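None of the values given here were measured: they were computed from a predicted structure.
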Amino acid sequence: MNKPSLGQLLLRQPPSAGKPRPFRAPARRKPALPAMVFEFQPEYILGARIFRSFRRVASVAMGELDDGAITPFLGRPNIVRPDEVARRVRGVASALGTDKGPFGLLLPDGAVRVSILDFQALPSDRKEQDSLIRWKMKSLLPFPLEEARLSFEIAPKEAGGLEAVVMAVRKSVLAEYESVLDALNGDVNLVLPSSAALLPLLNENADAGEILLNISPTHLTAVVAKGRQIRLWRNQAMNGKSVEAGLAAVSEEAVRTLAASLDHLKLEINRVYICARPSVPRSWVMELERRLARDVAGVVSPTLPVRMKLTTEEGQIFNEFGATVSGLLMNAA
């Protein structure tokens, strides 16, 4: 059985009307790229136009949001000012030079529940797996299970048994983000939490575990992975902490995540990666290295070959905010 990959954990819309069901890509398949990607964060909307034939970024643009326009929650409405958000989306699309899809949506991590479930065994029938996983997820969701769109993938654990990585978003929350694209032309064919899009930037052949810290002024996600296989996923609100308070919160969460990896997962961590948007001072890296006694490096958002010739302004946006888009490109078919 293959390990979970980004391409197998897409929260896709069903291709036709009817009862929603989990999407499972065939083994070893990677996702097809959308023509445009929009990443929604409380501070901004990042847009990228994709040259799909060559897996390249053709253009990028960003629209800043006023405080409180988007407030990520699992079970409550997220888009507080839909007119403003929709206007920003149209502005970003205009800057990209097209309004044609299909579209990919990268949601704030706080809008998606990611859980890792352990099983001694699972039935081979996919529908029976679905029923069992949904039953176990029921107590983990702050909204009724029937309102969840789920996607999951199963892999064997090194110590025996099985592990299911499950992503869940409330259908009404997903509909909010989709609705601000109504003025554009195309359908949504890919939905992911933003941290999941960063996983292809980690070391696929890592012998030990790695920690990814996805940092913003309003949210922090810590992911433990081994060879890109998700082993632990934790997130918390940052609420716009100051630089000093933010560093303290990130350091404490990194220490807790490291301890959980060592004590509960029995997984040694060799390296810690950070993706901070906007960027954080170099002193953060030094402090994390001191607290964790591990190498800490920034997630590398490749320049070539994933991007075409961008303008100076686009290059600056891509270099500071485009890591998620790079991850999608590196993982795509």
Side-chain angles (χ1 to χ4, degrees), residues 36-49 59-99 101 103-112 142 169-184 186 188 191-195 197-198 213-221 235-247 249-250 275-281 284 301 311-325:
M36 295 177 68
V37 174
F38 290 99
E39 180 179 2
F40 292 89
Q41 296 295 344
E43 301 84 10
Y44 60 83
I45 298 169
L46 177 71
R49 181 163 56 89
S59 59
V60 293
M62 190 169 70
E64 295 183 359
L65 293 172
D66 294 334
D67 290 345
I70 294 178
T71 56
F73 288 106
L74 288 170
R76 303 206 305 254
N78 280 212
I79 299 183
V80 179
R81 295 196 285 274
D83 290 343
E84 176 190 343
V85 176
R87 184 172 63 253
R88 293 297 184 191
V89 165
R90 292 194 298 270
V92 169
S94 177
L96 294 175
T98 182
D99 64 356
F103 305 112
L105 298 186
L106 299 180
L107 305 185
D109 289 342
V112 182
V169 62
R170 193 173 192 174
K171 287 182 281 188
S172 60
V173 169
L174 178 55
E176 290 181 66
Y177 289 96
E178 292 179 322
S179 69
V180 298
L181 303 181
D182 284 347
L184 308 185
V188 174
V191 182
L192 280 174
S194 66
S195 288
L198 296 170
L213 300 173
N214 188 12
I215 305 165
S216 81
T218 55
H219 213 81
L220 167 64
T221 300
N235 57 47
Q236 64 174 282
M238 293 282 282
N239 299 320
K241 290 181 169 62
S242 66
V243 172
E244 294 77 13
L247 174 57
V250 170
C275 179
R277 298 178 298 164
S279 59
V280 294
W284 280 46
S301 178
T311 67
T312 300
E313 181 181 359
E314 287 178 317
Q316 291 173 345
I317 294 172
F318 183 81
N319 289 340
E320 185 162 5
F321 294 92
T324 48
V325 179

Taking the side chain as everything from C-beta on, heavy atoms only, tell me whether [X] gets closer than 4.5 Å to [Y].
X: P278; Y: Y44; value: no
X: I215; Y: W284; value: yes
X: V188; Y: L174; value: no
X: V60; Y: V325; value: no
X: L46; Y: Q41; value: no
X: F40; Y: V180; value: yes
X: P108; Y: H219; value: no
X: V173; Y: E176; value: yes

Do you know the tightest heavy-atom contact between [X] and [Y]?
X: V280; Y: A276; result: CG1-CB, 3.7 Å
X: A61; Y: I317; result: CA-CD1, 4.4 Å
X: N78; Y: A111; result: OD1-CB, 3.3 Å
X: S216; Y: M238; result: O-CG, 3.8 Å
X: A197; Y: L106; result: CB-CD2, 4.0 Å

Find the distance between [atom1] ([X]) and [atom2] ([Y]) and round it off to the nearest 0.5 Å.
X: N214; Y: C275; atom1: CG; atom2: SG; result: 5.0 Å
X: R76; Y: T71; atom1: CZ; atom2: OG1; result: 7.5 Å
X: L65; Y: I45; atom1: CG; atom2: CD1; result: 4.5 Å
X: D99; Y: R49; atom1: CG; atom2: CZ; result: 11.5 Å
X: K171; Y: E178; atom1: NZ; atom2: CD; result: 12.0 Å
X: D66; Y: E84; atom1: CG; atom2: CD; result: 4.0 Å

How are the rings of F38 and F103 set to each other: parallel, tilted or perpendicular (split at 30° and 60°)?
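Rings of F38 and F103: tilted, 30 to 60°.
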
Donor-acceptor check, side chain of D109 to backbone of L220, threshold 3.5 angstrom: yes or no?
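Judged by distance alone, no pair lies under 3.5 Å.
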
D67, CG: over 12 other non-hydrogen atoms inside 6.0 angstrom:
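Check fails, neighbour count at 12 or below.
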
Hey, is CD on E320 packed in by over 12 heavy atoms from elsewhere, all under 6.0 Å?
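Counting other residues, nucleotides and ligands, CD of E320 exceeds 12 neighbours.
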
